[in-house]
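Both ligands and their constituent atoms are indexed starting at 1 by order of listing. Sequence positions, counted from 1, serve as the residue numbers for this chain. Note that this is a predicted model, so its numbers are computed, not measured.
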Amino acid sequence: MALVNAAEMLKKAKAGHYAVGQFNINNLEWTKAILLTAQELNSPVILGVSEGAGKYMTGFKTVAAMVKAMDESLGITVPVALHLDHGTYEGCYKCIKAGFTSIMFDGSHYPFEENLAKSQELCADPDECKTIADLGVDMLAAGIGNIHGKYPENWQGLSFETLDKIQAKTGEMPLVLHGGTGIPADMIKKAISLGVSKINVNTECQLSFQEATRKYIEAGKDQQGKGFDPRKLLAPGFEAIKATVKEKMELFGSVGKA
Ligand code: 13P
């Protein structure tokens, strides 16, 4: 099935009180693992590509070509959107030209460390969110105490009060929750009940991949027989990504919603 725009997918999710997962991709293994899991679970899915990952994969054109061809070759029938994650103005333009079906313009304009620090202490202003919603964007990611990467021990949790106010001001607009890694299940469920229809997960797949690969090597399996073959070496990490994606899709409630 051709790649689809994320807007319809998220409207449906908001109406159905579940969230669609955005899983970031880094290479072929990541893409294949996420697509196959979505198909097995009959779930819609969004493949996220950061500017850095796009560059790593030699450019957005390569990424779009790979995703489209893989979607077709694997016979994927569930809705798949290819989304630019935290795009610059130029990046958004390049991705639209390359065939991405969804883009995020990150206008936060802060260096990462400062952005992260501010995200930890600040929450988005509900009135600013309303102004953005009125512009007619398809989805909105607002900071409600969420951060990228692992949450620190002293993390205060998501601010549901802010989310509630944002939801009240933005109405039908699907809301996006970044930093899905490590948010406890009850908070995820509450966020979905308050209008979150898209949840981004990146670090957790990286950690699953890393842990499984480490185990394989530490067990010396890369030195047994043809265990050094990259198709064997990367297989445990691939399976680990699949398991993480499955767990998230079940938690987000998108299983069977394709
Ligand atoms: P995590 O890496 O914390 O899962 O965040 C992913 C994300 O929000 C991508 O935009």
Side-chain angles (χ1 to χ4, degrees), residues 6 9-10 13 19-27 30-31 33-34 37 45-57 60 63 81-88 91-92 95 100-120 122-124 137-159 163 166 174-185 187-188 191-192 196-211 237 240-252 254:
M9 214 188 252
L10 297 186
V20 179
Q22 174 199 298
F23 300 95
N24 286 51
I25 58 171
N26 290 287
N27 60 14
W30 246 258
T31 313
I34 298 162
T37 310
V45 73
I46 299 169
L47 301 179
V49 182
S50 66
E51 299 232 352
K55 205 168 162 189
Y56 175 78
M57 290 183 271
F60 297 127
V63 178
L82 179 59
H83 177 83
L84 172 65
D85 190 27
H86 293 281
T88 57
C92 288
C95 282
F100 276 51
T101 55
S102 176
I103 49 160
M104 171 197 181
F105 172 60
D106 185 344
S108 53
H109 296 306
Y110 291 114
F112 182 69
E113 289 307 324
E114 198 182 341
N115 192 359
L116 189 117
K118 281 191 159 53
S119 305
Q120 274 174 302
L122 292 177
C123 286
V137 296
D138 295 323
M139 61 190 97
L140 174 71
I144 54 164
N146 47 323
I147 56 165
H148 290 128
K150 290 182 182 174
Y151 286 89
E153 290 287 321
N154 62 351
W155 180 51
Q156 302 290 304
L158 298 176
S159 169
L163 182 57
I166 293 170
L175 301 175
V176 180
L177 183 63
H178 279 245
T181 294
I183 298 180
M187 286 194 202
I188 292 281
I192 294 172
V196 165
S197 321
K198 173 176 180 278
I199 303 177
N200 295 3
V201 178
N202 183 17
T203 308
E204 208 159 322
C205 289
Q206 297 183 354
L207 292 169
S208 308
F209 179 85
Q210 173 255 341
E211 196 187 325
I241 295 171
K242 285 192 73 191
T244 298
V245 172
K246 180 172 190 274
E247 187 192 309
K248 297 296 173 196
M249 285 178 166
E250 284 167 351
L251 174 63
F252 300 165
S254 68

Under a 4.0 angstrom heavy-atom cut-off, which atoms of ligand 1 come close to [X]?
X	answer
Asn202	1 (P), 2 (O), 4 (O), 6 (C)
Asp85	9 (C), 10 (O)
Gly149	1 (P), 2 (O), 3 (O)
Thr203	1 (P), 2 (O), 3 (O), 4 (O)
Val201	4 (O)

Legend entry - ligand 1 contacted by His86 (non-hydrogen, < 4.0 Å): yes

Inset, instruction - Using non-hydrogen atoms of the residue, decide whether Gly48 is closer than 4.0 angstrom to ligand 1. - result: no

Quick check for you: to the nearest 0.5 Å, what is the distance between [X] atom [atom1] and [Y] atom [atom2]?
X	Y	atom1	atom2	value
His86	Asp106	NE2	CG	5.5 Å
Leu84	Ser102	CG	OG	8.5 Å
Leu10	Asp138	CG	CG	8.5 Å

Inset, instruction - Pick whichever of Gly182, Gly179, Ser50 has a heavy atom sitting closest to atom 8 (O) of ligand 1. - result: Gly179

Legend entry - Minimum-distance protein heavy atom relative to atom 1 (P) of ligand 1: Thr181 OG1, 3.4 Å

Inset, instruction - If you have a sec, work out which protein heavy atom is nearest atom 7 (C) of ligand 1 and how many Å separate them, to one decimal? - result: His148 CD2, 3.2 Å

Inset, instruction - Return yes when atom NZ of Lys246 has more than 12 non-hydrogen atoms of other residues, nucleotides or ligands closer than 6.0 Å, and no otherwise. - result: no

Legend entry - Neighbour count >12 (heavy atoms, 6.0 Å) for atom CZ, Phe105: yes

Legend entry - Check: His178 N/O within less than 3.5 Å of ligand 1 N/O: yes

Legend entry - Centroid-centroid under 6.0 Å between Trp30 and Phe23 rings: no

Legend entry - Partner set under ring-ring contact (aromatic ring centres under 6.0 Å, His included) for His83, not counting sequence neighbours: none

Inset, instruction - Report the residues that fulfil ring-ring contact (aromatic ring centres under 6.0 Å, His included) with Phe60, sequence neighbours left out, ordered by chain and then residue number. - result: Phe100

